[in-house]
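Remember, it's a predicted structure, so these values are computed and weren't measured experimentally.
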Amino acid sequence: MEKIVLPPRFPETICGVYGEEGQKWLEQLGLLLQVCEHRWALEIQYETPYTLSYNYVTPVVLPGGAPAVLKLGVPGKENRTEIEALSMFAGEGMVRLLDADPVQGIMLLEKVMPGVTLDAVGQEEEQTRAAVEVLGRLRRTNSASSLFPTVADWFEGLGRMREHFHGGTGPLPEKLVELAEAWSAKLISTIREPRLLHGDLHHGNILSAAREPWLAIDPKGVIGETEYECIAYLRNHLPKGDEQDTLRRRVEHLVKGLDVQRDRVLAWGLSHSILSAWWHLGENTEGWEDAVRQAEWFELLLKHT
């Protein structure tokens with residue numbers, strides 16, 4: 001077997017997130033790759049893994065010469081929900097799952113070609129049109145699988161934030177937290193058409209493709225509504241110096257293109273931005289201040305609805 005090349009800081013990230021379990025997984029990675037080679041008769045391109053933080057992902061060649069992608073992660077619920085979501089979407093607006101081993105956290109995927117991320121293609125309006133196209137393709141009815149979390153499950157994080165800060169909000173603005181708590185509760189209780197969502201559909205998870213103009217990758221798999229699915233794209237890659245106007249224009253394009261409710265999109269945006277700020281604080285990572293600013297922008301837009 002060839003020497004495994006790992007992306008920069010990949011071992012540190014895996015051990016930092018998964019601890020001893022992550023260290024054991026790293027030690028077994030070579031053996032897992034050998035298992036994949038034998039199971040699917042793959043030719044693994046060890047020298048060119050993709051630069052990702054939480055999964056080892058590398059190009060492979062299938063018997064007969066067709067390209068594919070092999071994805072391995074520390075086994076757990078996130079792997080299982082991703083595999084289930086890929087199965088449910090069945091390649092419609094989404095990368096195809098060719099095979100998987102949920103127990104070992106392994107996926108064999110279609111290779112999306114040319115595979116350029118949305119943020120590297122065209123101008124802002126062109127990118128937003130592409131996002132609308134993909135969002136429209138991914139609309140699904142609710143899944144019968146009990147494996148997927150719901151947006152209500154995700155927003156339990158706000159309660160954990162209160163517990164962490166002994167009933168307070170720590171560095172997060174009290175007013176915005178209260179708005180997020182009130183809006184998220186109202187939105188969750190009034191979802192009319194729950195669907196299986198990607199859950200993290202930002203620019204980096206939308207790739208240029210051949211069989212469809214654009215395909216999504218890396219679904220989280222969560223049950224919610226289309227208005228909530230818009231938020232990851234809206235908050236991502238806002239150009240410095242023009243953030244608020246760009247956000248406003250994106251909202252208008254998505255609301256019109258997807259025929260969704262503007263007030264719900266904005267309220268989800270405010271609520272999720274505060275939830276995201278807490279995730280950053282809880283994981284001790286940078287970004288919570290940016291998330292708070294985005295919540296403020298959503299609040300301003302909401303006031304003018």
Side-chain angles (χ1 to χ4, degrees), residues 78 135 142 148-195 197-202 220-255 258 260-305:
E78 285 194 8
L135 280 159
N142 196 359
F148 298 117
T150 66
V151 292
D153 296 327
W154 282 12
F155 273 89
E156 288 177 1
L158 294 181
R160 290 191 288 274
M161 177 206 65
R162 287 285 191 180
E163 291 176 8
H164 180 81
F165 292 119
H166 308 289
T169 63
L172 304 181
E174 179 80 31
K175 176 189 172 184
L176 285 175
V177 172
E178 289 177 351
L179 283 172
E181 290 169 331
W183 270 116
S184 60
K186 179 179 179 180
L187 292 164
I188 288 166
S189 68
T190 54
I191 292 176
R192 290 179 298 179
E193 294 185 62
R195 303 175 183 275
L197 308 180
H198 180 289
D200 192 27
L201 196 63
H202 56 71
K220 295 287 187 185
V222 60
I223 302 298
E225 63 179 355
T226 303
E227 284 85 349
Y228 185 72
E229 184 82 292
C230 296
I231 306 308
Y233 177 80
L234 290 174
R235 297 179 62 233
N236 190 247
H237 278 295
L238 290 167
K240 194 170 181 62
D242 192 33
E243 294 97 332
Q244 294 185 58
D245 283 343
T246 300
L247 178 61
R248 176 186 55 78
R249 290 192 296 270
R250 285 182 183 178
V251 168
E252 301 310 324
H253 283 307
L254 265 64
V255 167
L258 296 169
V260 292
Q261 296 182 41
R262 185 176 187 272
D263 60 335
R264 293 185 74 87
V265 171
L266 296 173
W268 276 124
L270 186 159
S271 303
H272 182 82
S273 295
I274 292 300
L275 178 61
S276 177
W278 159 240
W279 285 343
H280 282 295
L281 286 170
E283 296 172 2
N284 196 30
T285 57
E286 297 180 356
W288 70 267
E289 297 99 332
D290 291 336
V292 168
R293 279 193 292 273
Q294 291 174 347
E296 293 171 342
W297 299 336
F298 279 113
E299 182 194 16
L300 285 172
L301 291 172
L302 197 53
K303 285 180 177 178
H304 292 91
T305 297

request  = Decide yes or no for Lys175 and Glu299: does some side-chain heavy atom of the first lie under 4.5 Å from some side-chain heavy atom of the second?
outcome  = yes
key: pair Trp154-Tyr228: side-chain heavy atoms closer than 4.5 Å   = yes
Under-4.0 Å salt bridge between Glu174 and Arg162 = yes
key: Exceeds 12 heavy-atom contacts within 6.0 angstrom, atom CD of Glu243   = yes
key: Glu229/Arg195 under salt bridge (Lys or Arg N to Asp or Glu O under 4.0 Å): CA gap, chis, key distance, verdict   = CA-CA 10 Å; Glu229 184 82 292; Arg195 303 175 183 275; over 6 Å; no
task = Evaluate the side chain to side chain contact (heavy atoms under 4.5 Å, CB included) criterion for residues Phe148 and Leu197: first the C-alpha distance (whole Å), next the side-chain angles of each, then the deciding distance (0.1 Å), finally the verdict.
result = CA-CA 10 Å; Phe148 298 117; Leu197 308 180; over 6 Å; no
task = Hey, could you give me the CG/OG distance between Leu179 and Ser273, rounded to the nearest 0.5 Å?
result = 12.0 Å
message = Measuring only between side-chain heavy atoms, which start at C-beta, is Leu238 closer than 4.5 Å to Gln294?
response = yes
request  = Check whether any side-chain heavy atom of His237 lies under 4.5 Å from a side-chain heavy atom of Thr246, and answer yes or no.
outcome  = no
Side chain to side chain, Thr226 and Val265, heavy atoms closer than 4.5 Å = no
ask   = Would you say the side chain of Arg192 lies within less than 4.5 Å of the side chain of Gln261, judging by non-hydrogen atoms?
value = yes
message = Rounded at 0.5 Å granularity, tell me how far OG in Ser271 sits from CD1 in Ile188.
response = 8.0 Å
message = For the backbone of Gly157 and the side chain of Trp278, can you confirm whether one donor and one acceptor N or O come within less than 3.5 Å of each other?
response = yes
message = Please find the pair of heavy atoms, one from Asp153 and one from Arg160, that lie closest to each other, and give the distance.
response = O-NH2, 4.5 Å
key: Pairing of Arg262 and Glu227 as salt bridge, 4.0 angstrom limit   = no
request  = Return the minimal non-hydrogen interatomic distance between Val151 and Gly224, and the atom names on each side.
outcome  = CG1-CA, 4.0 Å
remark   = Interatomic distance, NE2@His280 vs CG@Leu275, rounded to 0.5 Å, equals 10.0 Å
key: For Gly199 against Val222, the heavy-atom pair lying closest together   = CA-CG1, 3.8 Å
query = Roughly how far apart are Leu158 CG and Ile274 CD1, rounded to 0.5 Å?
reply = 8.5 Å
request  = Mind running side chain to side chain contact (heavy atoms under 4.5 Å, CB included) on Arg264 and Ile191 for me, showing each step along the way?
outcome  = CA-CA 10 Å; Arg264 293 185 74 87; Ile191 292 176; 4.0 Å; yes
query = Given the side-chain rings of Trp279 and His272, with only the six-membered ring counted for Trp, is the space between their centroids under 6.0 Å?
reply = yes
ask   = How about Trp268 and Phe155: are their ring centres within less than 6.0 Å of each other?
value = yes
query = Taking side chain as C-beta onward, heavy atoms only, is Met161 less than 4.5 Å from Leu172?
reply = yes
remark   = So CD of Glu286 and CG of Leu281: to nearest 0.5 Å the spacing works out to 12.0 Å
inquiry  = Return the NE2 to OH distance between His253 and Tyr233, rounded to the nearest 0.5 Å.
reply    = 9.0 Å
